[in-house]
Amino acid sequence: LEDIKMNIPLSLACWNYDRTRGLLDGSVPVDGIDLTYLNLPVEETFFRMMRFHEFDASEMSLSSYVLSLFSEKPPFVAIPVFPSRSFRHSCIFINANSGIREPKDLIGKRVGSPEYQLTAPVWIRGILSDEYKIPVGSAQYFTGGQEDPGRIEKMKLSLPREIHVEPIPAEKTLSKMLDAGEIDALYTPRMPSTFLHGSGNVRRLFENYAEVEQEYFRKTRIFPIMHTVVIRRDLYEKHPWVAQSLYKAFVRAQRETYQDLYEAAALKHMLPWLLKHVEDTRSIMGEDFWPYGLEPNLHTLETFLRYSYEQGLSKRELKPRELFVPETFESFKI
């Protein structure tokens, strides 16, 4: 019995998404692994993984992961699993008194983002450049805490001279600055508190964002990727099979969610017209509207990597295959 090999313990930090719940509740096993799933909000996961490498694996900002690959000793590898995707036209907030009525009015304005390198603002700046001809360097950017003072960039940046980024005062927050008109716009993945419960000074640039985002997808076929899943490189080099085990488990958990979303006997999610929503989404985006894997996501990843380079973040324009371990590019057949 002493010679029987046991599963290896592995910690995974990830939020409690419907598409990962099978891993959280243990209903989806991971080959060869005893999984400890740490259900943490994304900001905490990213901070702790980037700064201290606390977890064996975690979800990770796509932008932060890409930048980590330019380290002298890159600390992570990734698998082509994308627990967070989101269209981001809905995430451009403006001060109602700023004179901004349409995208071109953002030129020359003061724009906040919690961090310049966050994935959501990278997508927003890229989309504004591609679709609305707004140069990335045409605004002045301000970074800092959205709701809590004192937030700083998780990674040290070296940006081109034409891109101007400066931190806000340590005691201020972007949310309150937008409400007061100290900045004109805010690119952020979280809705600011002054939009949800404020004076009415903060609104979305695209109030009909669902229609705008659907049209964007029809035109580009891009469903923006926000997060991927990383593994500590030292763990992967010691046990390279963990990448395939995790990939298989994430795929299986997601397939169960696809089924749950279209279960008619009893709705498993608290949306009264869920079935119609699924049908509408499939009609626009296809059956596999949230694809994992490299091949279905090449165009989306190529676009993001171009944005990262164009915005002064990446030192060179990476190729999608450089992001992920090769074991996940193909699988066995019977």
Side-chain angles (χ1 to χ4, degrees), residues 41-44 46-47 61 63-64 86-129 131-209 212 226 307-308 310-313:
V42 293
E43 292 91 346
E44 181 177 355
F46 297 170
F47 178 83
S61 154
S63 179
S64 296
S86 186
F87 295 103
R88 289 307 190 188
H89 296 73
S90 64
C91 298
I92 304 172
F93 296 90
I94 62 171
N95 181 283
N97 302 311
S98 64
I100 299 171
R101 298 293 178 266
E102 54 184 321
K104 70 177 183 179
D105 297 330
L106 289 163
I107 294 174
K109 293 298 193 290
R110 300 160 297 175
V111 177
S113 291
E115 297 178 42
Y116 179 80
Q117 65 87 31
L118 283 189
T119 307
V122 174
W123 274 112
I124 290 169
R125 293 189 296 263
I127 290 168
L128 289 171
S129 176
E131 304 299 318
Y132 301 97
K133 310 306 178 188
I134 299 171
V136 172
S138 65
Q140 185 172 6
Y141 300 103
F142 296 86
T143 60
Q146 179 173 312
E147 306 296 339
D148 300 316
R151 181 170 177 170
I152 60 174
E153 294 272 0
K154 287 186 289 294
M155 308 183 74
K156 186 177 180 180
L157 304 181
S158 179
L159 300 172
R161 284 183 295 177
E162 65 268 19
I163 297 176
H164 304 282
V165 180
E166 64 179 90
I168 62 175
E171 72 279 4
K172 293 195 173 187
T173 66
L174 292 168
S175 181
K176 290 183 178 178
M177 289 178 71
L178 181 62
D179 185 63
E182 296 178 73
I183 57 175
D184 303 302
L186 177 62
Y187 303 163
T188 176
R190 283 187 180 268
M191 289 185 286
S193 59
T194 48
F195 171 75
L196 293 169
H197 312 294
S199 63
N201 287 337
V202 178
R203 64 176 183 84
R204 285 190 172 100
L205 174 62
F206 296 103
E207 295 184 341
N208 62 332
Y209 62 87
V212 174
M226 297 297 127
Y307 289 167
S308 182
E310 290 174 347
Q311 295 175 30
L313 292 167

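- The OG atom of Ser63 lies 9.0 Å from the CD atom of Glu115; values are rounded to the nearest 0.5 Å.
- Smallest separation of non-hydrogen atoms from Ile94 and Ser98: CB-OG, 4.5 Å.
- A donor-acceptor pair is defined here as one N or O able to donate and one able to accept, closer than 3.5 Å; no such pair exists between the side chain of Gln117 and the backbone of Leu157.
- Between Gly181 and Arg110, the shortest heavy-atom contact is O-NH2, 3.1 Å.
- Judged by the 6.0 Å and 45° rule, Arg151 forms no cation-pi pair with Phe47.
- Counting only heavy atoms from C-beta outward, the side chains of Thr188 and Pro114 approach each other to under 4.5 Å.
- Shown here for Arg203 and Glu207, the closest heavy-atom pair between the two residues is CD-OE2, 3.5 Å.
- Counting only distance, with no hydrogens or angles, the side chain of Ser308 and the backbone of Leu313 share no donor-acceptor pair below 3.5 Å.
- Minimum interatomic distance between Leu174 and Gly112 (heavy atoms only, all atoms of both residues): CD2-CA, 4.0 Å.
- A distance of 5.5 Å separates CD1 in Ile134 from CD1 in Ile107, rounded to the nearest 0.5 Å.
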**OP:** Test side chain to side chain contact (heavy atoms under 4.5 Å, CB included) on Arg125 and Tyr307 and set out the steps.
**Re:** CA-CA 8 Å; Arg125 293 189 296 263; Tyr307 289 167; over 6 Å; no

Original post:
What's the verdict on side chain to side chain contact (heavy atoms under 4.5 Å, CB included) for Ile163 and Tyr116, showing C-alpha distance, side-chain angles and the deciding distance?
Top reply: CA-CA 10 Å; Ile163 297 176; Tyr116 179 80; 3.5 Å; yes

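- For the pair Ser61 (side chain) and Ser64 (backbone), a donor-acceptor distance under 3.5 Å is present.
- A 6.0 Å sphere centred on CE of Met155 holds more than 12 heavy atoms belonging to other residues, nucleotides or ligands.
- Here the closest non-hydrogen pair linking Tyr187 and Ser113 is O-OG, 3.4 Å.
- More than 12 heavy atoms of other residues, nucleotides or ligands shown are found within 6.0 angstrom of CG on Asn208.
- The CG atom of Leu159 lies 10.5 Å from the OH atom of Tyr141; values are rounded to the nearest 0.5 Å.
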Original post:
Under the salt bridge (Lys or Arg N to Asp or Glu O under 4.0 Å) criterion, do Arg190 and Glu43 qualify, and how do the steps go?
Top reply: CA-CA 11 Å; Arg190 283 187 180 268; Glu43 292 91 346; 2.5 Å; yes

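- Residues forming a salt bridge (charged side-chain N to carboxylate O under 4.0 Å, His left out) with Glu182 (at least two apart in sequence, or on another chain): Lys172.
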**OP:** Give the intermediate values and the outcome of side chain to side chain contact (heavy atoms under 4.5 Å, CB included) for residues Met191 and Phe93.
**Re:** CA-CA 8 Å; Met191 289 185 286; Phe93 296 90; 3.8 Å; yes

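- Without hydrogens or angle criteria, Asn95 side chain to Asp184 main chain gives no donor-acceptor distance under 3.5 Å.
- A donor atom on one side chain and an acceptor atom on the other are not found under 3.5 Å apart for Ser175 and Gln146.
- Around the NZ atom of Lys109, the shell of radius 6.0 Å holds more than 12 heavy atoms that belong to other residues, nucleotides or ligands.
- At a threshold of 4.5 Å between non-hydrogen side-chain atoms, the residues Tyr132 and Glu102 do not count as touching.
- Distance alone, capped at 3.5 Å, places no donor-acceptor pair between the Lys133 side chain and the Ser129 backbone.
- Taken from CG in Leu186 to CG in Leu205, the straight-line distance is 12.0 Å, to the nearest 0.5 Å.
- Between Phe206 and His89, the distance separating the two ring centers is shorter than 6.0 angstrom.
- Proximity of a side-chain donor or acceptor of Asp148 to a complementary backbone N or O of Gly145 within less than 3.5 Å is not detected.
- With no hydrogens or angles considered, a side-chain donor-acceptor pair links Gln140 and Glu166 at under 3.5 Å.
- The two residues Ala139 and Val111 have their closest heavy-atom pair at CB-CG2, 3.9 Å.
- Inter-residue side-chain proximity for Gln311 and Val122 is flagged as met; some heavy-atom pair is nearer than 4.5 Å.
- Using a 3.5 Å distance cut-off with no hydrogens or angles, the side chains of Thr173 and Glu147 do not pair a donor with an acceptor.
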**OP:** In sequence, state the C-alpha distance, the side-chain angles, and the governing distance for Ile92 and Leu128, and then conclude on side chain to side chain contact (heavy atoms under 4.5 Å, CB included).
**Re:** CA-CA 10 Å; Ile92 304 172; Leu128 289 171; 4.2 Å; yes

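- A donor atom on one side chain and an acceptor atom on the other are found under 3.5 Å apart for Asp179 and Ser199.
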